[in-house]
Amino acid sequence: MNIAVLPKSSDYRPSEDEEFMNERQLEYFKQKLLNWKEEILRESKETLTHLQAETENHPDIADRASSETDRSLELRTRDRQRKLISKIDEAMRRIEDGSYGYCEETGEPIGIARLDARPIATLSLEAQERHERRERVHRDD
């Protein structure tokens with residue numbers, strides 16, 4: 001697939017008036033995903049540097065507990081971001097294989113606004129709502 005490269009500073013915004021998932025839209029979402037992944041990786045490196053620097057031994061038990069809580073929270077956040085990177089990589093694969101932007105359940109277009117807000121979305125809004133309703137029903141069982 002040959003995709004036109006858009007400069008990072010491009011003012012282009014996909015719209016519903018265009019052909020769905022045309023080259024410009026695909027490139028827009030590809031850049032959005034790559035930038036998001038780059039930001040997550042940068043934040044992860046900062047966290048790692050911070051955690052390595054934060055190895056001091058706190059003599060006060062309250063300070064130590066606070067530090068351990070902060071550390072645990074940062075590690076949980078990084079774990080969520082690791083999972084997010086996996087979803088970004090999956091979205092990049094869908095861009096390459098031509099299935100990006102289409103609902104996994106129905107095959108219908110997901111919608112530009114939803115993809116712009118959540119570029120890793122795999123379900124249309126309607127399919128996502130059905131999925132969440134089913135989860136609530138089964139969770140209540």
Side-chain angles (χ1 to χ4, degrees), residues 1-58 60-141:
M1 174 184 301
N2 228 354
I3 296 178
V5 176
L6 292 176
K8 276 190 178 184
S9 63
S10 175
D11 290 336
Y12 171 75
R13 281 273 186 249
S15 81
E16 300 287 347
D17 299 336
E18 303 173 75
E19 177 189 345
F20 189 70
M21 286 301 120
N22 64 50
E23 283 188 23
R24 286 187 82 191
Q25 286 182 357
L26 286 170
E27 183 57 29
Y28 171 84
F29 287 112
K30 182 177 182 178
Q31 287 304 315
K32 187 171 185 119
L33 289 161
L34 288 171
N35 292 342
W36 193 12
K37 183 177 177 178
E38 189 176 296
E39 181 182 327
I40 291 169
L41 291 173
R42 183 182 41 74
E43 289 173 2
S44 293
K45 286 178 188 160
E46 288 172 9
T47 296
L48 189 57
T49 302
H50 174 73
L51 289 175
Q52 288 171 340
E54 180 64 30
T55 57
E56 63 192 67
N57 199 353
H58 299 285
D60 181 61
I61 195 159
D63 288 345
R64 190 175 321 141
S66 177
S67 179
E68 287 299 318
T69 300
D70 292 348
R71 194 180 184 97
S72 175
L73 182 61
E74 281 192 53
L75 290 172
R76 273 199 314 268
T77 299
R78 293 301 151 231
D79 188 50
R80 277 195 302 272
Q81 289 183 328
R82 179 186 55 78
K83 291 174 184 170
L84 187 54
I85 285 175
S86 174
K87 289 181 179 188
I88 290 171
D89 289 341
E90 289 171 20
M92 295 295 288
R93 279 190 289 280
R94 288 193 305 277
I95 286 175
E96 295 304 318
D97 73 17
S99 64
Y100 182 80
Y102 295 91
C103 180
E104 286 182 342
E105 263 185 30
T106 65
E108 296 292 316
I110 290 175
I112 295 297
R114 177 161 167 72
L115 288 170
D116 207 21
R118 183 131 179 100
I120 58 173
T122 59
L123 298 173
S124 67
L125 194 54
E126 296 78 18
Q128 182 68 39
E129 288 170 349
R130 278 193 307 272
H131 178 73
E132 289 172 5
R133 275 194 301 275
R134 280 192 306 264
E135 274 186 349
R136 275 195 301 272
V137 167
H138 293 298
R139 189 174 53 226
D140 294 340
D141 287 348

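Numbers here simply count residues along the sequence, with the first being 1.
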Requested in this report: Using side-chain contact (heavy atoms from CB on, under 4.5 Å) as the criterion, list what pairs up with N22, not counting sequence neighbours.
Outcome: Y12, E18, E19, R24, Q25

Query - Where E16 and I112 come nearest, the two heavy atoms and their spacing - result: OE2-N, 3.1 Å

**Report entry** S66: side-chain hydrogen bond (donor to acceptor under 3.5 Å, both in side chains) partners, not counting sequence neighbours
**Finding:** none

**Report entry** Contacts of E90 that satisfy side-chain hydrogen bond (donor to acceptor under 3.5 Å, both in side chains) - sequence neighbours left out
**Finding:** none

**Report entry** From CD (E23) to CG (L26), nearest 0.5 Å
**Finding:** 8.0 Å

**Report entry** salt bridge (Lys or Arg N to Asp or Glu O under 4.0 Å) partners of R42, counting only residues at least two apart
**Finding:** E46

Query raised in the report: Can you name the side-chain hydrogen bond (donor to acceptor under 3.5 Å, both in side chains) partners of S15, sequence neighbours left out?
Result: none

Report summary line: By salt bridge (Lys or Arg N to Asp or Glu O under 4.0 Å), D17 pairs with (sequence neighbours left out) none

Report summary line: Sorted by chain and number, sequence neighbours left out, salt bridge (Lys or Arg N to Asp or Glu O under 4.0 Å) with R130 holds for E105

Requested in this report: Determine whether S124 and E108 make a side-chain contact, defined as any pair of heavy atoms from C-beta on separated by less than 4.5 Å.
Outcome: no

Query - Donor-acceptor pair, side chain of K32 and main chain of D116, under 3.5 angstrom - result: yes

Query - OG-CD distance between S99 and E104, expressed to the nearest 0.5 angstrom - result: 8.0 Å

Query raised in the report: How long is the gap from CZ on R82 to CG on L41, to the nearest 0.5 Å?
Result: 12.5 Å

Query - Pairing residues for L125 by the side-chain contact (heavy atoms from CB on, under 4.5 Å) criterion, not counting sequence neighbours - result: R114, E129

Query raised in the report: Under the ring pair (Phe, Tyr, Trp, His ring centres under 6.0 Å) rule, what pairs show up with a residue in residues 73-113, not counting sequence neighbours?
Result: F20-Y102, F29-Y100

**Report entry** Qualifying residues under side-chain hydrogen bond (donor to acceptor under 3.5 Å, both in side chains), relative to K87, sequence neighbours excluded
**Finding:** none

Query - Listed partners of L84 passing side-chain contact (heavy atoms from CB on, under 4.5 Å), at least two apart - result: W36, I40, I88, I120

Report task. Salt-bridge test for D79 and R76: reply yes if a basic N is under 4.0 Å from a carboxylate O, no otherwise. Result -> no

Query - Considering all heavy atoms, the nearest T122-I110 contact - result: C-CD1, 3.7 Å

Query raised in the report: Okay, side chain of S72, backbone of E68: is any donor-acceptor separation there less than 3.5 Å?
Result: no

**Report entry** Partners passing salt bridge (Lys or Arg N to Asp or Glu O under 4.0 Å) against R118 (at least two apart in sequence or in another chain)
**Finding:** none

Requested in this report: Show your reasoning for whether side chain to side chain contact (heavy atoms under 4.5 Å, CB included) applies to M92 and L34.
Outcome: CA-CA 8 Å; M92 295 295 288; L34 288 171; 3.7 Å; yes

